[in-house]
Protein chains: 2
Amino acid sequence: MARRGDTIELAVLGLLHEGPMHGYELRKRLNLMLGWGRILSYGSLYPALKKMLRNNLIEELTGSAQPTSRRQRIVYQVTEKGTEEFSRLMSEVGPAAWEDDNFDIRFRFFSSTDMEIRLRVLEGRRSRLQERLDRVQRELAMTQREVDRYAAELERHGVESVEREVRWLSDLINAERGTDTKTAAAEAETTKEGLP
Amino acid sequence: MARRGDTIELAVLGLLHEGPMHGYELRKRLNLMLGWGRILSYGSLYPALKKMLRNNLIEELTGSAQPTSRRQRIVYQVTEKGTEEFSRLMSEVGPAAWEDDNFDIRFRFFSSTDMEIRLRVLEGRRSRLQERLDRVQRELAMTQREVDRYAAELERHGVESVEREVRWLSDLINAERGTDTKTAAAEAETTKEGLP
DNA sequence: GTTAGCATGTAAGGAGTTACATGATTTT
DNA sequence: AAAATCATGTAACTCCTTACATGCTAAC
């Protein structure tokens with residue numbers, strides 16, 4: 001049941017697995033990663049942290065982790081339950097995992113999962129994008145073509161972007177399959193595009 | 001005061017300027033354009049249409065526009081007030097106009113505005129993306145570099161995508177400036193990328 | 001005749017933004 | 001001493017999605 005809101009939770013758990021952090025720092029990092037557009041406000045982050053505290057997924061880091069006195073800040077760390085929840089969420093491969101934001105977060109923490117999961121996520125995302133492409137192209141074929149140059153250019157650019165994303169995913173999938181050797185990646189490179 | 005919710009309104013007004021349409025048809029077209037990800041649900045569209053009806057931006061198309069009987073459907077068309085509102089919204093160039101969805105909609109209906117506005121929107125969007133790029137690169141330089149390969153790959157891909165978008169915008173800006181001649185566009189083309 | 005798609009809506013609820021509120025610390 | 005930015009939070013509100021509810025029409 002990976003709902004939309006679990007995305008922040010997943011990201012926070014993932015980041016805290018890289019070391020204890022306080023809210024402000026988390027927000028900065030979050031904005032850097034899911035940052036190509038969306039900016040997460042304090043009004044979402046802090047309530048989310050409180051909720052995670054209540055659910056015992058994270059806890060305040062007590063004791064003097066910081067040398068000497070520091071400014072007022074609450075440093076969080078994951079609990080054992082948080083670690084379990086993180087693993088559970090990461091291996092929960094479903095439609096929600098192919099969505100833009102959710103996919104990015106999962107990818108960012110791919111090192112925490114095994115190859116089987118990684119492939120399922122990458123392939124799932126790829127077919128979802130491919131479906132979109134097909135659907136749009138099919139519907140555009142049905143409707144009488146638009147003549148507006150800007151509409152046409154926007155559409156061309158959109159299709160191109162998605163196609164690039166699909167190629168990127170294909171390369172990654174090949175890389176995953178080709179494990180240690182570089183061969184698969186190089187092979188994928190040549191099939192990418194013919195020279196103009 | 002272009003808020004987020006005005007995006008649907010802008011899109012609906014724009015589409016209805018291309019001809020009268022009913023809600024179901026509007027949704028299909030909307031999903032095709034702002035469609036690379038987001039899908040607009042009926043639960044957002046129909047209430048939005050009702051609201052626009054109340055504000056006299058659109059009206060039900062009465063009379064027999066359709067030859068002979070058809071199935072139950074409500075065909076909308078823009079009112080005079082709606083046309084004014086559309087012009088007003090389109091020329092309202094502010095931060096909201098550089099946002100992903102809002103930008104796409106504006107671009108889609110660029111033919112309805114003059115070059116001055118188009119350039120302001122394109123340049124605004126470009127500097128916004130450039131700022132993002134700079135900010136991210138600056139902050140990444142400050143923080144000690146991450147070593148995780150997936151995190152690094154995601155970041156590389158993100159930077160590349162935004163850079164492509166910036167180049168696309170630059171080409172469009174040049175094309176706008178080069179008005180009737182193809183020279184500017186062709187010139188921009190060569191600066192795009194060197195051959196591998 | 002029954003499935004698939006057309007067509008319109010409503011109610012409840014979630015997720016996140018905006019705006020507000022506060023204060024410490026570092027830099028200029 | 002002022003400005004920037006670090007740091008944490010709350011309340012109201014908006015937008016939108018999900019799920020539900022209904023019924024027609026075309027195709028198989």
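These numbers come from a predicted model, not from an experiment. Numbers restart at 1 for each chain; the letters A, B, ... are given by sequence-line order, proteins then strands.
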**Asked** Out of dC16(D), dG16(C), dA7(D), which nucleotide sits closest to the side chain of Arg73(A)?
**Response** dA7(D)
**Request:** Give the rounded distance in Å between these two atoms: CZ of Arg27(B) and C1' of dG5(C).
**Result:** 12 Å
**Asked** Considering only dT18(D), dT18(C), dG9(D), which nucleotide approaches the side chain of Ser41(A) most closely?
**Response** dT18(C)
**Message:** Rounding to an integer number of Å, can you tell me how far Lys50(A) NZ sits from dG16(C) C1'?
**Reply:** 18 Å
**Message:** I need the Thr79(A) OG1 to Glu85(A) CD distance, nearest 0.5 Å.
**Reply:** 9.5 Å
**Request:** Verify the distance criterion only: is there a donor paired with an acceptor across the side chains of Ser112(A) and His17(A) at less than 3.5 Å?
**Result:** no
**Sugar-phosphate, base or nothing in reach of Leu49(B), heavy atoms under 4.0 Å** = nothing
**Prompt:** Taking OP1 and OP2 of dT17(C), is either one under 4.0 Å from a side-chain nitrogen or oxygen of Ser44(A)?
**Reply:** yes
**Request:** State whether Tyr24(B) places a side-chain N or O below 4.0 Å from either non-bridging phosphate oxygen (OP1 or OP2) of dC6(C).
**Result:** yes
**Complete:** Tyr42(A) atom OH is separated from dT17(C) atom C1', nearest whole Å, by 14 Å
**Fill in**
Taken to the nearest whole Å, CZ/Arg38(A) to P/dG16(C) is 11 Å
**Asked** Hey, does Gly43(A) reach any base, or is it just sugar-phosphate, or nothing, if we go heavy atoms under 4.0 Å?
**Response** base
**Request:** Measure centre to centre between the rings of Trp98(A) and Phe107(A), then say whether the value is under 6.0 Å.
**Result:** no
**Request:** Give the rounded distance in Å between these two atoms: NE2 of His22(A) and P of dA24(C).
**Result:** 17 Å
**Request:** Rounded to the nearest angstrom, tell me the gap between atom CD in Glu60(B) and atom C1' in dG9(C).
**Result:** 13 Å
**Request:** Have a look at Leu45(B) and say if it touches a base, only the backbone sugar-phosphate, or nothing, with a 4.0 Å heavy-atom cut-off.
**Result:** nothing
**Prompt:** dT8(D) phosphate, OP1 or OP2: any side-chain N/O from Tyr46(A) under 4.0 angstrom?
**Reply:** yes
**Fill in**
Whole-Å distance, Glu25(B) CD to dG5(C) C1', equals 14 Å
**Asked** Roughly, in whole Å, what's the span from CD in Glu9(A) to C1' in dG16(C)?
**Response** 15 Å
**Request:** Flag this pair as yes if the NZ/CZ of Arg27(A) is under 6.0 angstrom from the six-membered ring centre of Tyr42(A) and inside a 45 degree cone about the axis; otherwise no.
**Result:** yes
**Request:** Pick out which of Arg125(B), Arg126(B), Arg128(B) makes a salt bridge (charged side-chain N to carboxylate O under 4.0 Å, His left out) with Glu165(B).
**Result:** Arg125(B)
